[in-house]
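Below, chain A is the first sequence line, B the second, and so on; all start at residue 1.
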Amino acid sequence: MSGARRTLGYEATPAFHIPLSFFLAATLFGVGAGLFLLFHPDALDSRWTPGALALTHLITAGFMLLTMLGALLQILPVVAGASIPAVRPVAIGVHALVSTGACSLAWGFMAGSPAALQAGGGLLGGGLLLFLGAAVLGLRRSEASQTTGRDLRIALIGLAATAVLGILLVLVLSRGLALPFAFGPLITLHVAWGLLGWGGALLAATSWVVIPMFQITPEYPRWLTRFWAPLVLAVLGAWTAFDLLGNELPAWAGSMIPMALTALFALTTLHLMRRTRRPNPDASFRTMQLAMACLLGGALCTLVAILRDEAFWPLAAGILILHGGFVSAITAMLYKIVPFLAWLHLTQARIKAPHMKKLLPDLPMRRQLRLHAITLAALLGAAVVNWNGATRLAGALVALEFGWLAANLLGTVQRWRLTRQEAG
Amino acid sequence: MNAPASQRVVDARGLEPPEPFELAMEALADLPNGEVLTLLLDRVPWPLLRILERDGQRHEYRVREDGVVEVLIGGA
């Protein structure tokens with residue numbers, strides 16, 4: 001037999017409160033996005049309104065980025081064998097810089113303030129530089145070569161590319177920086193790297209492990225896990241080089257392969273989930289299915305938006321990909337990961353942990369996820385009817401949805417704390 | 001690991017974490033001295049191995065050709 005002496009990644013597991021503080025702060029950005037929409041319903045008039053840009057960055061640089069960085073602090077040591085140096089001060093620094101940066105960036109878009117945009121870009125850039133530096137140092141010491149470890153590295157490259165392009169855009173907008181390439185394609189590349197190169201690659205790398213483990217499905221096909229993320233990196237790299245060298249691709253041509261890769265990942269995940277061995281799929285399972293269906297719908301709307309010059313299609317694509325795809329997937333994963341971490345930390349401390357269903361009861365989770373699905377429908381409805389009343393309602397639902405998510409996660413923390421206290 | 005006097009097998013495949021861990025711990029609590037517990041799993045149970053290692057419990061694991069992970073715990 002082999003492997004019993006292998007170094008176990010869980011030795012390097014950071015304290016429970018480190019990823020948790022990122023997850024909880026992230027939900028506040030979701031609440032903020034909802035309140036923003038409630039009081040600025042004109043944000044949904046088109047994807048280019050200052051409000052829409054502020055809203056998008058509250059979700060992407062606020063909710064998504066914070067949860068993903070928090071999850072990576074947990075995942076990198078366990079899955080990729082990377083021991084993040086000085087994890088506590090790094091986490092505090094990254095958390096502070098990214099949170100304030102995301103707030104400042106959103107404020108800069110909303111108020112049209114160049115100073116706030118620059119401060120936001122600088123703070124976010126500083127936070128990501130700190131995170132990436134620590135992750136690279138940790139990964140250099142790692143000997144792990146599994147697919148997930150490699151794909152996490154690819155996601156980090158995607159994050160770096162997104163950040164560099166974002167900072168260039170901030171400098172163009174706030175200081176009139178003259179670039180030797182066109183502004184429009186730069187925005188498209190920033191979005192493509194952010195959603196596919198960073199968010200998509202991280203979602204896929206996490207899914208290779210989490211979907212079979214928690215949703216009791218067969219493993220992903222080896223050909224897909226072997227080639228998907230490197231292909232994403234190659235396609236985005238080639239697209240970027242092509243655009244920056246002045247050979248601007250037609251938008252449909254540049255978008256076609258990334259959309260096809262998104263569809264391939266989503267369809268494979270849906271196919272695996274249909275073959276689950278779970279007798280009764282729970283709410284988190286259904287939400288993950290919703291996420292994959294929304295990624296497919298979002299990819300389709302993106303293609304239609306390129307072919308038809310109507311404000312609705314890019315908005316629908318954004319709502320489906322961000323709220324329907326990423327927020328659904330992240331929420332479903334948080335509901336699996338947070339109680340599992342609570343259970344794991346109790347068990348490692350030799351404390352008899354309550355059943356997972358006690359750490360996170362089904363009912364509040366199911367109700368919150370149902371509200372999430374209703375909110376998605378309300379957002380799409382508001383984009384269709386383009387009426388302020390409908391948008392305000394959708395905004396209120398978004399705020400409620402994220403507030404409820406925070407309350408459910410805090411409930412798990414409370415039960416974890418009580419169990420520790422009872423154990424002395 | 002020496003040949004065990006007798007073996008108990010717990011098939012924890014197809015279960016959501018941490019159920020396989022809990023099943024293993026229940027089975028270990030009832031395991032007579034010298035007996036070996038064989039766990040069948042879908043993947044390497046890192047948290048369980050970490051705790052077995054910490055507690056000085058004898059254990060070994062291997063990944064079979066069909067992808068099933070076999071963990072042997074206990075024994076003389």
Is there any residue in residues 271-284 of chain A with a non-hydrogen atom under 4.5 Å from a non-hydrogen atom of chain B, and which ones are they?
A:Arg277, A:Arg278

Other residues, nucleotides, ligands: >12 heavy atoms within 6.0 Å of B:Arg54 CZ:
yes

Cut-off 4.5 Å, heavy atoms of chain B, and the answer for A:Pro339 is neither

Only counting residues at least two apart or in another chain, list the ones meeting ring pair (Phe, Tyr, Trp, His ring centres under 6.0 Å) with A:Tyr335.
none

Which atoms form the tightest heavy-atom contact between B:Asp55 and A:Arg350, and what is the distance?
OD1-NH1, 3.1 Å

When you measure from the side chain of B:Arg43 to the backbone N and O of A:Val209, does any donor-acceptor pair fall under 3.5 Å?
no

Which donor-acceptor pairs under 3.5 Å do the side chains of residues 417-424 of chain A make with protein atoms, sequence neighbours left out?
from     : atom 1 : to       : atom 2 : distance (Å)
A:Thr419 : OG1    : A:Arg415 : O      : 2.6

Option that, when pairs with chain A are counted at under 4.5 Å, heavy atom only, ranks first among B:Gly67, B:Pro18, B:Gly14
B:Pro18

Portion of B:Leu52 that has a non-hydrogen atom of chain A nearer than 4.5 angstrom
neither

Within residues 19-31 of chain B, residues adjacent to chain A where the heavy-atom gap is under 4.5 Å:
B:Phe21, B:Glu22

What part of A:Gln215 lies closer than 4.5 angstrom to a heavy atom of chain B: side chain, backbone, both or neither?
neither

How long is the straight-line distance from CG of B:Leu48 back to OG1 of A:Thr347, given to the nearest 0.5 Å?
10.5 Å

